[in-house]
Amino acid sequence: MRPAENIAVEELTEGQARAELARLANAIARANRTYHTEDAPEISDAAYDALKRRNAAIESRFPRLKRADSPSDQIGATPSETFAKLRHAVRMLSLANAFDDADVTDFDARIRSFLNLPADAPLAYTAEPKIDGLSLSLRYENGDLIQAVTRGDGETGENVTQNARTIADIPQRLTSAPEILEVRGEVYMSHADFEALNVRQAEAGAKTFANPRNAAAGSLRQLDATITAARPLKFFAYAWGETSEPLATTQMGAVARLADLGFSTNPLTTLCNTPDEMLETYARIETQRADLGYDIDGVVYKVDDLALQARLGFRATTPRWAIAHKFPAELAWTRLEKIEIQVGRTGALSPVARLHPVTVGGVVVSNATLHNEDYIAGRDSKGAEIRDAKDIRIGDWVQVYRAGDVIPKIANVDLSRRPDSSQPYDFPTKCPECGSDAIREEGDSVRRCSGGLICPAQAVEKLKHFVSRAAFDIEGLGAKQVEMFFVDDLLPIREPADIFTLEARDAANPLQKLKNRDGWGETSATNLFRAIDEKRQIPLNRVIFALGIRHVGEVAAQDLARHYGNWAALTAAIDAARPAEQRHEQAETALRAERQTAQNEGRRARITETRNAVWEADPPLPQPAIEAWNDLIGIDGIGATLAVSLISAFHQPAERASIDRLAAHLRIEEVSRPATDGSLVAGKTVVFTGTLEKMTRAEAKARAEALGAKVAGSVSAKTDLLVAGPGAGSKAKKATELGVETIDEDAWLALIGAA
Ligand code: IVH
């Protein structure tokens with residue numbers, strides 16, 4: 001008879017499994033003793049890992065047989081409390097989404113316009129399933145797998161190398177690979193493996209997973225790699241990061257090369273020559289969806305030619321050359337039990353539908369967004385009817401839809417089932433959290449609490465935003481902890497600066513130390529203080545974004561950081577621009593009044609005159625204010641609305657004081673610019689005008705920014721260079737007046753080394 005130790009885990013009988021677990025417990029205990037206590041190991045690390053993996057796999061198949069002295073519960077060497085963070089050599093991006101056919105044809109049109117390709121020029125795309133898992137970057141040096149890192153925030157992820165080594169689809173060694181090769185793809189779990197895992201988990205009284213994606217994520221992010229080893233994870237390769245030499249000249253070729261190197265690549269990947277072919281492929285993949293045996297949530301299209309991909313480049317968080325075409329949302333009917341109002345960080349009152357729980361596409365949904373009061377009433381932001389003007393009432397039967405990870409929404413209302421007693425929903429005009437007036441400004445679809453920082457809901461939401469991933473991302477201080485500290489009397493966090501005094505305040509309080517509280521201990525408290533310390537030094541763009549100022553998202557924060565370079569310059573510019581910002585607001589008010597009057601009097605509104613009258617009124621605006629304002633709204637991507645919001649926030653006394661208190665605790669780094677070694681235009685402010693003939697305006701701007709230049713929309717004293725094509729008009733004239741150097745497109749291309 002074969003000894004049980006040579007039998008594959010899947011083939012063991014229960015009796016054999018029990019015997020094997022006993023043998024493994026013994027062998028592992030012996031190995032631990034010889035290694036840790038006697039310093040005289042008898043077996044190799046690899047053999048030891050193999051024993052632990054086999055033990056975990058058997059326990060996972062026969063949870064009831066798990067021994068009281070199971071080696072899985074004993075940790076040979078204490079694993080780190082968390083995964084180490086590693087920075088990606090090349091950022092890991094996400095994808096923009098397309099939801100319908102028009103979005104796909106627009107995608108093609110946008111790319112052609114960016115590259116200045118005529119509508120009939122050949123342009124091929126790949127189409128492949130979008131795998132619903134989690135992305136992973138594998139770094140190989142000289143053919144050896146040396147690192148596996150999760151996506152994280154795109155810049156830094158978690159080091160899960162040991163865990164990735166247990167995934168069969170991930171080769172440990174590559175032959176004839178480039179010296180440096182980062183392979184990227186998706187870790188996922190098949191439907192069959194997911195169901196079997198949940199059965200095992202339930203039998204063992206352990207937590208079950210809501211869907212294969214969560215199961216894959218939970219399995220990969222195990223501190224003990226032997227647990228990952230016992231979980232059946234798979235991997236599809238579809239992209240790459242750093243490479244010491246190109247993999248191919250096309251996307252198709254590169255994916256084929258990855259397959260040659262030993263990776264699993266998706267067999268449904270198809271080359272398409274037209275948007276129609278892309279849509280046909282989408283339809284075909286959609287019909288195959290149910291039979292694939294793993295979850296996909298759409299189709300990804302990528303420009304096939306890698307040289308074109310390089311020209312197209314990236315936006316802040318997504319490539320221009322790819323898009324994810326999502327499968328349509330899934331629908332279900334349920335009853336609306338109540339409507340609750342949540343107050344967000346900018347004071348917006350957001351109505352949320354509390355639903356009788358219903359399963360939509362495999363996920364239980366009990367909340368849906370209702371957007372705003374117009375939406376509930378059956379109107380869109382422009383006053384047009386939606387849902388045939390049917391309003392939404394408490395007690396209604398509503399149709400819920402969810403698309404991928406998007407918040408569920410309400411698609412329809414069944415009036416035939418509406419209770420006779422139902423009443424139209426009365427939207428509150430007072431903030432439900434602080435009682436301040438909730439005001440709806442002209443042209444805004446949202447009603448906002450006017451309480452500012454005195455509103456606890458706004459304050460706590462601002463804090464949650466502050467610690468969120470794209471902002472300060474403080475490990476161990478998430479939304480839950482923020483809520484807890486916000487209401488804590490002994491060690492409160494009421495504003496961002498309080499985070500950075502937490503440790504000192506804790507130290508000053510000999511009783512009631514954080515480490516002695518429920519849910520905390522020595523290690524978690526020390527880790528939190530360390531994680532906070534790590535973020536005292538932080539890039540400028542993250543600080544700007546973290547302030548949670550309305551309209552200032554990640555991209556705008558990045559634009560502002562690039563433009564001003566450092567915190568002192570940013571705040572000085574905001575302060576200098578304040579008087580002009582007030583004029584701008586006065587001018588807008590005057591314009592609204594003028595438009596109204598003109599309409600009443602049946603004449604055309606005098607726009608320029610009205611605006612000029614305000615700007616030129618006494619006392620005259622100081623010139624530096626005008627310059628600072630023009631400089632700010634001249635930043636490409638920053639408009640007057642954002643500028644007003646930014647400047648107002650910095651001039652609201654309580655808010656400014658809170659910002660200054662925060663800044664005093666930080667060492668704010670200049671934003672990291674793209675590598676611009678040898679770039680002659682790094683740090684220069686450039687304006688493009690007239691017709692460019694060799695590349696489109698969008699490509700020129702993207703190129704200039706990649707080389708470290710700032711691209712502005714208008715010429716000012718701060719402009720270093722005007723690139724003027726044929727037909728340049730007022731900007732060229734202004735540049736001459738100001739003595740700004742002006743060159744043509746060819747000279748520009750020569751300057752950036754692209755001629
Ligand atoms: S390409 C630079 N291809 O979708 C773009 N991504 O929503 C690299 N994903 O973060 C991504 N299947 O985790 C690409 N076939 C596929 C994909 C895919 C799934 C994931 C990936 C990405 C996310 C964006």
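Numbering of ligands and ligand atoms starts at 1, following listing order.
Residue P319 places a heavy atom less than 4.0 Å from ligand 1. At least one heavy atom of P129 sits closer than 4.0 Å to an atom of ligand 1.
Ionic pairing of D108 and R112 is present here: one or more N-O contacts between side-chain nitrogen and carboxylate oxygen are shorter than 4.0 angstrom. A salt bridge links K234 with D193; the closest basic N to acidic carboxylate O contact falls under 4.0 Å. For the pair R289 and D297, the salt-bridge criterion is not met [side-chain N within less than 4.0 Å of a carboxylate O]. A salt bridge is absent between E705 and K710: the closest approach of a Lys/Arg side-chain nitrogen to an acidic carboxylate oxygen does not fall below 4.0 angstrom.
Aromatic pair F235/Y188: ring centres not closer than 6.0 Å. Taking the six-membered ring where the residue is Trp, the centroids of F545 and H465 are separated by under 6.0 Å.
Scanning all protein heavy atoms for the shortest distance to atom 23 (C) of ligand 1 gives K130 NZ, 3.9 Å. Atom 12 (N) of ligand 1 has I131 N, 3.0 Å as its closest protein atom, hydrogens excluded (heavy atom only). Of the protein's non-hydrogen atoms, Y238 OH, 3.1 Å is the one closest to atom 21 (C) of ligand 1.
The salt bridge (charged side-chain N to carboxylate O under 4.0 Å, His left out) contacts involving residues 165-191 comprise R139-E182, D144-R173, E182-R184, where partners must be two or more places apart or lie in separate chains. Within the structure, salt bridge (charged side-chain N to carboxylate O under 4.0 Å, His left out) contacts touching residues 470-479 (residues at least two apart or in different chains) are K85-E475.
Listed by number with element, the atoms of ligand 1 under 4.0 angstrom from any heavy atom of S135 are 10 (O), 13 (O). Less than 4.0 angstrom separates some heavy atom of L93 from each of these atoms of ligand 1: 10 (O). The E128 neighbourhood of ligand 1 comprises atoms 3 (N), 15 (N), 16 (C), with distances under 4.0 Å to a heavy atom of that residue.
Counting heavy atoms under 4.0 Å from ligand 1, residue K302 touches it through the side chain alone. Residue contacts with ligand 1, taken as heavy atom pairs separated by less than 4.0 Å, involve E186 solely via side-chain atoms from C-beta onward. If you look at L95 next to ligand 1, the close heavy atoms, those under 4.0 Å, come from the backbone and the side chain alike.
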